[in-house]
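In what follows, a structure is listed as structure tokens, so that the remarks can point back to it.
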Amino acid sequence: LLCANFPVDVTDLQKLRAVLSPSLQTAEVLEVKHLVMCESGFHDCNRTLVKLRMPALEAPGVEELVISRVVAGSAPQQLAMAHLTFVPSCDHEFFCKQSERMVNYVKLLANPIVECSPTVCLDKTKVSDPVVLLVSPQAGGAGTQVEVLVKNLPAFAANDVSVIVLGTLSKQRVSVSSLQQDVGSTLMASQG
């Protein structure tokens, strides 16, 4: 959000609130960057960029965004206001399935788009099969933390991975505590 005459003394992001109406959802203030500041004696020339992480809304429509500064012992001080139009996003999953492809979530997260586009769809046959390269330690009892190095694992969040440990007499599903992919990993090739 580009603001004119936003107070230049605003530095503590924790004291800023960004609220949408009528939904009453809050947006997270990520950054306040003063781009242009007036020289002494000049007016109406401050320009400030306020970066926000907007919430997902249930329905499209116009929302009023109010950015306020929390002031101890008194009502919040309104700093900026804007009307924003929220539009429904493409159902990328459905769109890609129509052409028997899958959503390239890495690409979509890196560059979100609202409209449907074949550029975010990926040919399923181009996703490589995962290969386990290293397991350490290879033996242990209950509670042992195990590190597994996998090549071509098409996942970027721990909850996207399911692990089953096979013992001589049993088979058990275990949770993944963390997942780290190497820089540059894609759904087609990765290591981590």
Side-chain angles (χ1 to χ4, degrees), residues 1-36 44 46-124 127 153-162 175-181 183 185-188 190:
L1 183 67
L2 186 60
C3 301
N5 302 317
F6 198 83
V8 294
D9 64 334
V10 173
T11 55
D12 186 0
L13 299 183
Q14 301 303 315
K15 292 188 177 182
L16 295 178
R17 278 187 49 86
V19 180
L20 295 165
S21 288
S23 70
L24 298 180
Q25 296 271 8
T26 58
E28 180 185 357
V29 180
L30 301 174
E31 180 182 4
V32 173
K33 186 176 185 179
H34 301 289
L35 304 174
V36 178
D44 196 30
N46 286 347
R47 298 297 179 261
T48 304
L49 180 66
V50 179
K51 289 187 181 179
L52 303 161
R53 177 174 289 123
M54 302 305 288
L57 298 179
E58 294 293 321
V62 176
E63 292 275 336
E64 181 180 82
L65 171 70
V66 174
I67 300 175
S68 303
R69 178 177 10 200
V70 177
V71 180
S74 65
Q77 175 190 11
Q78 182 174 319
L79 303 176
M81 189 267 293
H83 288 92
L84 307 175
T85 302
F86 286 81
V87 296
S89 170
C90 170
D91 181 345
H92 299 289
E93 188 87 31
F94 177 77
F95 177 77
C96 292
K97 278 185 179 178
Q98 288 181 316
S99 59
E100 297 183 8
R101 298 166 68 135
M102 63 185 276
V103 178
N104 186 339
Y105 289 104
V106 177
K107 186 173 185 177
L108 189 58
L109 286 172
N111 187 24
I113 58 171
V114 174
E115 56 281 335
C116 292
S117 170
T119 63
V120 298
C121 298
L122 180 65
D123 184 348
K124 294 175 188 179
V127 178
L153 182 64
F156 289 86
N159 61 356
D160 290 338
V161 180
S162 178
S175 62
V176 176
S177 61
S178 68
L179 175 70
Q180 182 179 342
Q181 290 281 19
V183 175
S185 293
T186 67
L187 284 174
M188 295 175 281
S190 66

Name every donor-acceptor pair, under 3.5 Å, that has one atom in a side chain of residues 71-88 and the other anywhere in the protein, sequence neighbours excluded.
| residue | atom | partner | partner atom | Å |
| --- | --- | --- | --- | --- |
| Gln77 | OE1 | Arg69 | NE | 3.2 |
| Gln77 | OE1 | Arg69 | NH2 | 3.3 |
| His83 | NE2 | Glu64 | OE2 | 3.4 |

Problem set entry | Distance (rounded to the nearest 0.5 Å) between Leu16 CG and Leu30 CG | 11.5 Å
Exercise. Above 12 or not: heavy atoms from other molecules or residues under 6.0 Å from CD of Gln14?
Worked result: no
Please output the side-chain donor-acceptor pairs of residues 21-29 that fall under 3.5 Å, not counting sequence neighbours, one pair per line with the distance.
| residue | atom | partner | partner atom | Å |
| --- | --- | --- | --- | --- |
| Ser23 | OG | Gln25 | N | 3.3 |
| Ser23 | OG | Glu63 | OE1 | 3.1 |
| Glu28 | OE1 | Arg53 | NH1 | 2.9 |

Exercise. At what distance, to the nearest 0.5 angstrom, does OG1 of Thr119 lie from CG of Leu108?
Worked result: 9.0 Å
Exercise. Hey, what do you get for CG (Asn104) to NE2 (His92), rounding to the nearest 0.5 Å?
Worked result: 11.5 Å
Problem set entry | Heavy atoms from other residues, nucleotides or ligands near CD of Glu100 exceed 12 (cutoff 6.0 Å) | no
Problem set entry | Beyond-backbone contact of Val10 with Thr48, side-chain heavy atoms, under 4.5 angstrom | no
For this session: For residues Phe6 and Asn46, report the shortest heavy-atom separation together with the two atoms involved.
Result: O-ND2, 4.1 Å
For this session: Evaluate the side chain to side chain contact (heavy atoms under 4.5 Å, CB included) criterion for residues Arg101 and Leu122: first the C-alpha distance (whole Å), next the side-chain angles of each, then the deciding distance (0.1 Å), finally the verdict.
Result: CA-CA 5 Å; Arg101 298 166 68 135; Leu122 180 65; 5.5 Å; no
Exercise. Among all residues two or more places apart in sequence or in another chain, which pass the side chain to side chain contact (heavy atoms under 4.5 Å, CB included) test with Ala157?
Worked result: Asn159, Asp160
Exercise. Applying disulfide bond (SG atoms under 2.5 Å apart), which residue pairs with at least one partner in residues 68-106 are found, sequence neighbours left out?
Worked result: Cys90-Cys116, Cys96-Cys121
Exercise. Distance from Leu13 atom CG to Lys51 atom NZ, nearest 0.5 Å?
Worked result: 12.0 Å
Exercise. Got a second to check how far Ser89's OG is from Leu57's CG, nearest 0.5 Å?
Worked result: 12.5 Å
For this session: Please list, chain by chain and in numerical order, all residues satisfying side chain to side chain contact (heavy atoms under 4.5 Å, CB included) with Leu35, sequence neighbours excluded.
Result: Leu2, Lys33, Leu49
For this session: Would you give the length of the straight line joining atom CZ of Arg47 to atom NE2 of His34, rounded to the nearest 0.5 angstrom?
Result: 13.5 Å
Exercise. Where is the tightest heavy-atom contact between Leu65 and Ala18, given as atom of each residue plus distance?
Worked result: CD1-CB, 3.9 Å
For this session: Would you please name every residue forming a salt bridge (Lys or Arg N to Asp or Glu O under 4.0 Å) with Asp12, sequence neighbours left out?
Result: none
